[in-house]
Number of protein chains: 2
Amino acid sequence: MKKKRISITDIANALNVTPSTVSRALNGGGKVSEKKRNEILALAKELGYRPNPIAKSLLENRTNTIGLIIPEFTHHFYSRMLAGIESVTSEAGYQLLICTSNENQAQEIKSTQTLLDARVDGILATISKMNDKFEHIQEEMDSGTPLVLVDRFSEEIETPYVISDDFKGAFSAVDYLCEIGCRNILHIKGPDNLSTTFNRFMGYKEALRKHEIELKEELLLESSDTNLLEKIRFCLTNHQVDGAFTYSDYLAFEIYKVASELNIPIPEQLSVIGYADEPISTYINPTLSTVNQQPFEMGAFGANYLLNKINNPEIALEIKNLETRLVIRGSCKGLEG
Amino acid sequence: MKKKRISITDIANALNVTPSTVSRALNGGGKVSEKKRNEILALAKELGYRPNPIAKSLLENRTNTIGLIIPEFTHHFYSRMLAGIESVTSEAGYQLLICTSNENQAQEIKSTQTLLDARVDGILATISKMNDKFEHIQEEMDSGTPLVLVDRFSEEIETPYVISDDFKGAFSAVDYLCEIGCRNILHIKGPDNLSTTFNRFMGYKEALRKHEIELKEELLLESSDTNLLEKIRFCLTNHQVDGAFTYSDYLAFEIYKVASELNIPIPEQLSVIGYADEPISTYINPTLSTVNQQPFEMGAFGANYLLNKINNPEIALEIKNLETRLVIRGSCKGLEG
DNA sequence: CTGTTAGCGCTTTCAC
DNA sequence: GTGAAAGCGCTAACAG
């Protein structure tokens, strides 16, 4: 059975004073005689008194808790983001209440409700991919609970957010491929309807434009393509592809597979750059060049924005488009190449 | 500003009844006239009334919250375990309060305290590697808060736990290597003082014994060895190594590196089996054989044990040594080989 | 300096 | 069937 914790009243009774006096002694607030204060502190320590945050929450209408809605845990990106969030919130003395959405809107709505019911002081959310309705977000905001979006945002939601600069990230990758001499650069796009998919594609286009390379439709594939492997094979066989930039690291590995099959050496004949800097990138052979999105920093920034908003609801809209880092590894020729 | 939520008293006042009546109507408990009940339910719905769990917690001395102490988030193993835990707890209507220990005992102690202060109904913990003191765990158990250990346990702590059967997992891997004809099987051990390191090594030994293969000291390496790569190189060069079983998948990749350097083809000349089934295993070339520990199931079992213990503190000690699954991929010769 | 009182939101006797 | 009252643990305003 859960043992009854010792309360402020227990101490008060033992010492023949009132709870208020004990409260004052413990919180240093009002005036208490040195003698009583010491007695109280001593007894509290002896009995292992720990204040009950539940009671305080009820009184103060705040819980020192932050709610987190995240699609899932298993992608390295989210793990790192979570670590960044946790490092900031735990430092600030906040607890983290975590819900997953599984990229499922219904579950996201439920999670939002759950967190609001729990009276969290603020919510950090990565909204799910398939969101087309935002009533639950709107309801969340109407409730007055501060909200900060991380990793994904929507123009329909006016609240602080931290995202990664996908355009620049993609641009830097494709720019690099052009610099090392690639002229037929394959791009595998991400899932439809995702701003990241769109922005990375824009970065790709812009880099080609900068280098006066014509965009060729036949060099564009989509991650959702049926028989993606076959399409990559066709592409590599027929279009003298010498570079590839993919929406994710995992898509880059698909290219690795086909290239290995076709005996196309990487990076000698084909330079490849992925996206996300999954840890696997450094273990695969050749090691994969990729774009690092600094997920830890993203989480940390998001958490800080949220704390700011909690402490000052009238704060100006804080928005961050986080810089990416291009990480060149064995899958690309060198700049002199 | 956080908007004031509507309370049971608000409804009571609006309808000229008392809070008790509203409470009864809402909870279906006592007797309330059909008419009043309907009125109350209607108004509650209209105003968007949501019960305040904080008040309930204070009253009932339970929070519907489970605390989790986990070393870190970024290993795939823990992500999956977390997913397993979350699936069970969210299904049961419990919230998850998450703390990390970073394998640091001081932080683990602090996290324990934090969770107890938060009055969680139970704690799920993966105790940190370097634990030599268990006072904080003892204190936790003395408090009457149910505790379940996952992934790691200690004989000094008498509480339910779920771990993975490292001995059998290792045994099955090395047994397989023997079956396909390996006779000089390299083993890279994990960190010192870890029961998993010990048990996997025992499994390795037992499999060799079963196949009447002599254990050779020169085929044993440790992950902490300085110049591990060099030692692997020496081993592969001088001892006709035809099989390798490593404490982790990542250590297996170190063997890949050296083998590739020395032009030793995998699996033709060297069969390799790792441990943990990191997702990267299926992307690396050749795909890595490995031992899957079923982390999702581990988390789910642990969460269920905890819920059982919360609901019935007198329950018998539940203990599970979870089966592993040997996953054979491209890094091993076939059984006929 | 310290005690009294009231109340955060809710449930649960106990009366009527 | 419904209201009044007490209390979960704590704080704060107000007396004294």
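The chains referred to below are lettered A, B, ... by the order of the sequence lines, with proteins before strands, and numbering in each begins at 1. Because only heavy atoms are used, hydrogens play no part in the values below, and waters and symmetry mates are left out as well, while side chains stay in. The structure displayed is predicted, hence computed values, not measured ones.
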Inset, instruction - Give a yes or no on whether a salt bridge exists between Glu103(A) and Arg152(A), defined as a side-chain N under 4.0 angstrom from a carboxylate O. - result: yes
Legend entry - Asn38(B) CG to dG1(D) C1', straight-line distance once rounded to whole Å: 15 Å
Legend entry - Residue Asn193(B) excluded, over 12 heavy atoms near CG under 6.0 Å: no
Inset, instruction - Respond yes when some side-chain nitrogen or oxygen of Asn27(B) is under 4.0 Å from OP1 or OP2 of dT11(C), and no when none is. - result: yes
Inset, instruction - Check the distance between dG9(C)'s P and Tyr49(B)'s OH and give it to me in whole angstrom. - result: 10 Å
Inset, instruction - Between Pro53(A) and Ser33(B), name the one whose nearest nucleotide on DNA chain D is closer to the 5' end. - result: Ser33(B)
Inset, instruction - Please determine, for the side chain of Val17(B), which listed nucleotide (dC10(D), dG3(D), dC8(D)) has the closest atom? - result: dG3(D)
Inset, instruction - In whole angstrom, give the distance that lies between atom CZ of Arg5(A) and atom C1' of dG9(D). - result: 12 Å
Inset, instruction - Report the nucleotide, chosen from dC10(D), dG3(D), dT2(C), that has the shortest atom-to-atom distance to any side-chain atom of Thr21(A). - result: dT2(C)
Legend entry - Minimum-distance nucleotide (side-chain atoms of Pro19(A) versus dG7(D), dT11(D), dT2(D)): dT11(D)
Inset, instruction - Name the closest nucleotide to the Ile8(A) side chain, picking from dC10(D), dC10(C), dG3(D). - result: dC10(D)
Inset, instruction - May I have the distance from Leu58(A) (atom CG) to dC8(D) (atom P), rounded to whole angstrom? - result: 13 Å
Inset, instruction - Under 4.0 Å between any heavy atoms, over every strand shown, what does Asp10(B) touch: base, sugar-phosphate, or nothing? Just pick one. - result: nothing
Inset, instruction - Considering just the side-chain nitrogens and oxygens of Thr18(B), establish if one lies under 4.0 Å of OP1 or OP2 belonging to dA4(D). - result: no
Inset, instruction - Check the distance between dC10(C)'s P and Leu59(B)'s CG and give it to me in whole angstrom. - result: 11 Å
Inset, instruction - Can you check whether any acceptor in the base of dT4(C) is under 3.5 Å from a donor in the side chain of Ser20(A), or vice versa? - result: yes
Inset, instruction - Identify whether the distance between the nearest side-chain nitrogen and carboxylate oxygen of Glu135(B) and Lys133(B) falls below 4.0 Å. - result: no
Legend entry - Rounded interatomic separation in angstrom, taking CG from Asp117(B) and C1' from dG9(D): 14 Å
Legend entry - Short side-chain N/O contact to dT11(C) OP1/OP2 from Ser23(B), under 4.0 Å: yes
Inset, instruction - Tell me, yes or no, whether the heavy-atom count around Tyr305(A) atom OH, taken from other residues, nucleotides or ligands under 6.0 Å, exceeds 12. - result: yes
Inset, instruction - May I ask you to decide whether Glu91(B) forms a salt bridge with Lys110(A), counting only side-chain N to carboxylate O separations under 4.0 Å? - result: no
Legend entry - Nearest-Å distance for atom pair CZ/P, residues Arg62(A) and dC10(D): 17 Å
Legend entry - Atom pair distance, as rounded to whole Å: CD1 in Ile54(A) and P in dC10(C): 15 Å
Inset, instruction - State whether Lys36(A) places a side-chain N or O below 4.0 Å from either non-bridging phosphate oxygen (OP1 or OP2) of dT2(C). - result: yes
Inset, instruction - Please confirm whether any donor atom in the side chain of Arg24(B) sits under 3.5 Å from an acceptor in the base of dG3(D), or the reverse. - result: yes
